[in-house]
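Everything numeric in this text was worked out from a predicted model, so none of it was measured.
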Amino acid sequence: MRHDLVIFDNDGVLVDSEPISNRLLAAHLTELGHPTSYEDSIRDYMGSAMHRIHDLVLERTGRRLPDDFDDVFHARVFAAFERELKPVPGVTEVLEKLTADGVPYCVASSGSHERIRVGHRTTGLDRWFDDGRVFSAQDVGRGKPAPDLFLYAAERMGVAPERCVVVEDSPLGVRAAVAAGMDVYAFSAMTPAGRLRGATRLFGRMEELADLLI
C-alpha cells in the first residue's frame with residue numbers, strides 16, 4: 001500500500017447523489033429566477049459547498065439567494081434521498097477490502113454533516129463510517145477548492161498529507177487535493193476526464209479503485 005490514508009469524497013463517490021441533487025438544485029435556482037439547467041448545475045456547482053453557490057449567484061447576478069435557500073433545498077434533497085438514493089455501484093466492495101486489509105479511510109465532503117449522515121443511513125454505508133471518520137466543509141472555514149478540508153481530515157486521522165490519497169469526482173475536489181499536496185484518484189463516471197486535470201490517476205468504474213489502491 002503506497003498510502004497510509006484513503007480520503008473519500010462523498011457525493012458521487014460513495015453515494016450516487018449527484019444526479020439527484022443537481023436536478024433539484026437546477027430546478028430550485030430556476031424557480032427563484034436564475035435559469036439553470038441540469039448540465040449547468042453539474043458544470044458550475046458539482047462538488048461545491050453551499051456558500052460557493054451563494055457566492056457565484058451573487059457574483060453573476062448581483063442578487064442574493066433567499067435566507068431560507070439552504071433549508072428548502074436540503075429538505076427537498078433529503079426527501080428525494082429517502083426515495084431514490086443508492087450507493088455508488090462497487091463502493092461497498094472497496095470499503096470491504098480496505099477494512100479487511102486494515103487500511104485507514106475517512107470521508108471529507110463539501111456537504112453538511114446532516115447531509116452526509118442522511119445519505120449514509122439511507123444507503124447502509126453508515127456501518128462503514130463512525131463519527132471519527134466523517135469530515136465536512138462545516139468543520140473548516142473554506143470548502144473546496146481550498147485544501148483546508150482535506151488537510152483537516154488528514155490531521156484528525158494522524159496522517160501526513162503526502163501519505164494520503166483522495167478519491168474525488170469533481171474538478172473542485174481535484175484542485176483541493178492537489179493544493180493539499182495529496183495524490184488524487186479521479187472518478188470520471190460523471191465528469192469528463194478533461195475537466196479532472198491534475199489528478200494522479202483517472203478511473204471510470206468504481207470496481208477499478210481497489211486495484212489502484214494496492
Side-chain angles (χ1 to χ4, degrees), residues 1-18 21 46-49 81 85-113 115-140 143-145 147-159 161 163-178 180 182-191 196 199-214:
M1 180 73 184
R2 63 177 67 88
H3 301 101
D4 296 331
L5 177 66
V6 181
I7 304 177
F8 290 96
D9 176 43
N10 189 56
D11 294 292
V13 171
L14 296 176
V15 295
D16 195 14
S17 54
E18 294 292 10
S21 58
M46 184 170 153
S48 295
F81 279 4
L85 190 63
K86 305 292 183 187
V88 168
V91 79
T92 299
E93 289 76 13
V94 173
L95 294 170
E96 286 175 346
K97 179 167 176 50
L98 292 177
T99 300
D101 292 346
V103 177
Y105 63 86
C106 64
V107 58
S109 171
S110 292
S112 66
H113 278 282
R115 177 180 172 128
I116 297 166
R117 282 305 185 198
V118 168
H120 287 188
R121 284 197 306 270
T122 303
T123 58
L125 292 182
D126 53 343
R127 63 177 289 207
W128 304 103
F129 292 94
D130 57 38
D131 289 343
R133 296 177 190 260
V134 178
F135 306 102
S136 161
Q138 288 180 311
D139 300 326
V140 295
K144 306 168 191 179
D148 305 36
L149 176 56
F150 289 140
L151 292 172
Y152 176 75
E155 180 183 11
R156 289 290 302 273
M157 296 293 291
V159 178
R163 296 297 302 164
C164 298
V165 59
V166 175
V167 184
E168 263 288 354
D169 70 329
S170 75
L172 292 176
V174 170
R175 286 167 56 193
V178 171
M182 301 177 180
D183 284 345
V184 54
Y185 293 173
F187 184 37
S188 60
M190 282 193 63
T191 305
L196 297 169
T200 311
R201 297 194 181 188
L202 292 166
F203 65 104
R205 296 171 59 253
M206 189 56 66
E207 292 82 358
E208 302 170 41
L209 180 59
D211 289 338
L212 292 179
L213 292 174
I214 294 175

(request) Say whether Asp11 and Ser17, considering side chains only, have a donor N or O and an acceptor N or O under 3.5 Å apart. (result) yes
(message) Any heavy-atom pair between the side chains of His3 and Val103 that's under 4.5 Å?
(response) no
(request) Would you please indicate yes or no on a ring centroid separation below 6.0 angstrom for Phe203 and Tyr185? (result) no
(request) List for me each residue that meets side chain to side chain contact (heavy atoms under 4.5 Å, CB included) alongside Val118, sequence neighbours excluded, and say none if there are none. (result) Phe78, Phe81, Glu82, Glu114, Arg121, Thr122
(request) Using salt bridge (Lys or Arg N to Asp or Glu O under 4.0 Å) as the criterion, list what pairs up with Asp101, not counting sequence neighbours. (result) Lys97
(message) Main chain of Glu208, side chain of Asp211: is a donor-acceptor contact present, judged purely on distance under 3.5 Å?
(response) no
(request) State which residues pass side chain to side chain contact (heavy atoms under 4.5 Å, CB included) with Ala137; sequence neighbours excluded, sorted by chain then number. (result) Ala49
(message) I'd like to know if the side chain of Arg163 reaches the main chain of Arg2, judged simply by a donor and an acceptor atom lying under 3.5 Å from each other, with no hydrogens or angles considered.
(response) yes
(request) State which residues pass salt bridge (Lys or Arg N to Asp or Glu O under 4.0 Å) with Arg205; sequence neighbours excluded, sorted by chain then number. (result) Glu207
(message) Please enumerate all residues that pass salt bridge (Lys or Arg N to Asp or Glu O under 4.0 Å) together with Asp148, with sequence neighbours excluded.
(response) Arg142
(request) Output the distance between atom CD (Glu168) and atom OG1 (Thr191), rounded to the nearest 0.5 Å. (result) 9.5 Å
(request) May I ask you to decide if Gly173's main-chain N or O and Ser170's side chain share a donor-acceptor pair within less than 3.5 Å? (result) yes
(request) Applying ring pair (Phe, Tyr, Trp, His ring centres under 6.0 Å), name anything that partners Tyr105, two or more places apart in sequence or on another chain. (result) Phe129
